[in-house]
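The next block holds one structure in the form of structure tokens; read it before the comments.
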Amino acid sequence: MKLLEGKTALITGASKGIGRTIAEKFAEQGANVAFTYLSSVEKGQALEKELQAYGTTVKGYRSDASKFEEAEKLVNEIVSEFGTLDIVVNNAGITKDGLLLRMTEEQWDDVLEVNLKSVFNVTKAASKIMMKNRKGAFINMSSVVGVQGNAGQANYAASKAGIIGFSKSVAKELGSRNIRTNVIAPGFIRTEMTDVLDPKVVEGWEKDIPLKRAGETEDVANACLFLASDLASYINGQVLSVCGGML
Ligand SMILES: NC(=O)c1ccc[n+]([C@@H]2O[C@H](COP(=O)([O-])OP(=O)(O)OC[C@H]3O[C@@H](n4cnc5c(N)ncnc54)[C@H](OP(=O)(O)O)[C@@H]3O)[C@@H](O)[C@H]2O)c1
């Protein structure tokens, strides 16, 4: 039995990295998959083709999760094309790093809008259909940085800590409607986002991680699959770290 048979999922930011692997895993596990991308149009279109091999309904949408109206339009389109929406993974995210004294207002605003406001936008739009259905699951992608902070990432850490506070509140508001809201806090995962880091910094981190390795996108996707599935039916308002023991 596939874990997500008959369910419809939306994954934001799935053109690459963690989101892409989640989309693949969900389709493999029987879900109908709607996903978004923004600048990586070719990668988004290629993923849509790839996912068709799993035999469920799949569609990629070019949609900016940080824009309230776009998120609302996206959810309405998904509901009219797929018929419903059961699972949302708020995964879209960016970094614009810099030490506080050098950080510009634009760096702050961009990161907060893409990483945190997007979660509000998509969750608000999707919660309406889930409330009607009296079931649903949100999985919001935070980071260990949102829990412990990181020099040079005050904007990113604030956005990821904000996701935790937001999710815990929404879990309390929507729990009575059988809608679960949980958070994943990945540690250091190999993707294009972390490819830009100085190899020396990466080496230092790997030494400090009790499992002595960076995480793979599949490590996060497996946790996400669990939280999205009925195996996690009594888990709500929690933060699951996927960090090899880093936190
Ligand atoms: N990698 C790590 O070590 C790590 C650790 C902790 C947390 N995380 C979090 O995990 C999530 C995925 O990270 P990743 O490493 O997979 O990053 P990534 O490889 O850079 O992928 C980011 C994804 O987000 C999409 N995206 C960016 N802005 C968007 C917007 N405004 N609207 C819709 N989609 C947008 C990108 O789409 P386009 O390319 O099409 O624009 C891309 O598909 C992020 O929230 C990140 O903060 C990552």
Side-chain angles (χ1 to χ4, degrees), residues 10-25 33-48 60-75 78 88-97 109-123 125 138-150 153 155-164 166-167 183-197 201-202 205-206 209 213-221 223-224 239-244 246-247:
L10 162 64
I11 300 126
T12 67
S15 55
K16 54 194 180 190
I18 293 170
R20 186 184 185 96
T21 308
I22 293 170
E24 289 166 347
K25 184 128 308 224
V33 174
F35 68 90
T36 68
Y37 52 90
L38 188 57
S39 56
S40 310
V41 178
E42 277 179 23
K43 285 185 183 170
Q45 289 169 344
L47 179 65
E48 186 178 293
Y61 298 81
R62 187 167 190 213
S63 179
D64 186 343
S66 71
K67 302 278 187 296
F68 187 77
E69 290 83 13
E70 283 195 36
E72 217 166 34
K73 186 169 162 263
L74 168 75
V75 169
I78 291 169
V88 171
V89 183
N90 280 305
N91 169 76
I94 57 168
T95 51
K96 291 202 173 177
D97 297 350
D109 287 346
D110 287 353
V111 168
L112 267 289
E113 290 210 351
V114 175
N115 294 6
L116 181 58
K117 191 175 174 222
S118 66
V119 181
F120 164 75
N121 295 342
V122 179
T123 304
F138 288 104
I139 297 112
N140 299 330
M141 208 56 74
S142 178
S143 166
V144 294
V145 167
V147 180
Q148 64 183 12
N150 192 26
Q153 289 197 308
N155 52 356
Y156 184 79
S159 72
K160 295 301 184 181
I163 287 176
I164 295 174
F166 173 83
S167 304
V183 174
I184 294 180
F188 171 55
I189 312 295
R190 283 194 191 285
T191 67
E192 280 183 33
M193 186 180 270
T194 50
D195 273 354
V196 295
L197 295 169
V201 174
V202 171
W205 281 354
E206 283 178 342
I209 297 169
R213 67 168 177 90
E216 301 298 334
T217 56
E218 184 147 18
D219 294 316
V220 182
C224 195
V239 181
L240 177 57
S241 299
V242 181
C243 63
M246 190 192 219
L247 199 64

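Along the sequence shown, the residues carry numbers beginning at 1. One-based numbering, in listed order, for ligands and for the atoms of each. Note that this is a predicted model, so its numbers are computed, not measured.
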Paired with N90, the side chain to side chain contact (heavy atoms under 4.5 Å, CB included) test is passed by just one of L116, V183, T123, namely T123
Short N-O contact, [X] and [Y], less than 4.0 angstrom:
X    : Y    : answer
E69  : K73  : no
D219 : R213 : yes
K25  : E218 : yes
E48  : R62  : no

Heavy-atom distance to [atom]: which of [options] wins?
atom                    : options             : answer
atom 39 (O) of ligand 1 : P186, S40, G44      : S40
atom 4 (C) of ligand 1  : G60, A92, G187, S63 : G187
atom 46 (C) of ligand 1 : W205, F35, Y156     : Y156
atom 41 (O) of ligand 1 : A185, S39, S143     : S39
atom 7 (C) of ligand 1  : G93, S142, S159     : S142

Quiz item: Where does the angle between the aromatic ring planes of F68 and F120 fall among parallel (under 30°), tilted (30 to 60°) and perpendicular (over 60°)?
Solution: parallel
Pull out every atom of ligand 1 sitting under 4.0 Å from any heavy atom of [X], numbered as shown with elements.
X    : result
A14  : 43 (O)
T194 : 1 (N), 2 (C), 3 (O)
Y37  : 40 (O)
M141 : 9 (C), 10 (O), 11 (C)
S15  : 36 (C), 37 (O), 38 (P), 39 (O), 40 (O), 42 (C), 43 (O)

Rounding to 0.5 Å, atoms OG (S167) and CD1 (I139) come to a distance of 10.5 Å
The reported gap from CD1 in I78 to CG in L10 (rounded to nearest 0.5 angstrom) is 4.0 Å
Nearest-contact summary for [atom] - protein heavy atom, Å:
atom                    : answer
atom 14 (P) of ligand 1 : T191 OG1, 3.6 Å
atom 16 (O) of ligand 1 : I18 N, 2.8 Å
atom 23 (C) of ligand 1 : G13 O, 3.6 Å
atom 21 (O) of ligand 1 : K16 CG, 3.8 Å
atom 20 (O) of ligand 1 : M193 CB, 3.7 Å
atom 31 (N) of ligand 1 : D64 OD1, 2.8 Å

Polar side-chain atom of T12 near backbone of A92 as donor-acceptor pair, under 3.5 Å
yes
Practice problem: Could you tell me whether a side-chain N or O of N140 sits under 3.5 Å from a main-chain N or O of I163, the two making a donor and an acceptor? | Solution: no
- [ ] Determine whether any heavy atom of N91 lies closer than 4.0 Å to an atom of ligand 1.
- [x] yes
The complete set of salt bridge (Lys or Arg N to Asp or Glu O under 4.0 Å) pairs with one or both residues in residues 34-44, sequence neighbours excluded, reads K43-E192
Is there a polar contact, in the sense of an N or O pair closer than 3.5 Å, between [X] and ligand 1?
X    : result
L38  : yes
I189 : yes
A65  : yes

Review point. With side chains defined as the heavy atoms from C-beta onward, is the minimum distance between V89 and C224 less than 4.5 Å?
Key: yes
Note: K160, heavy atoms under 4.0 Å from ligand 1, region reported as side chain
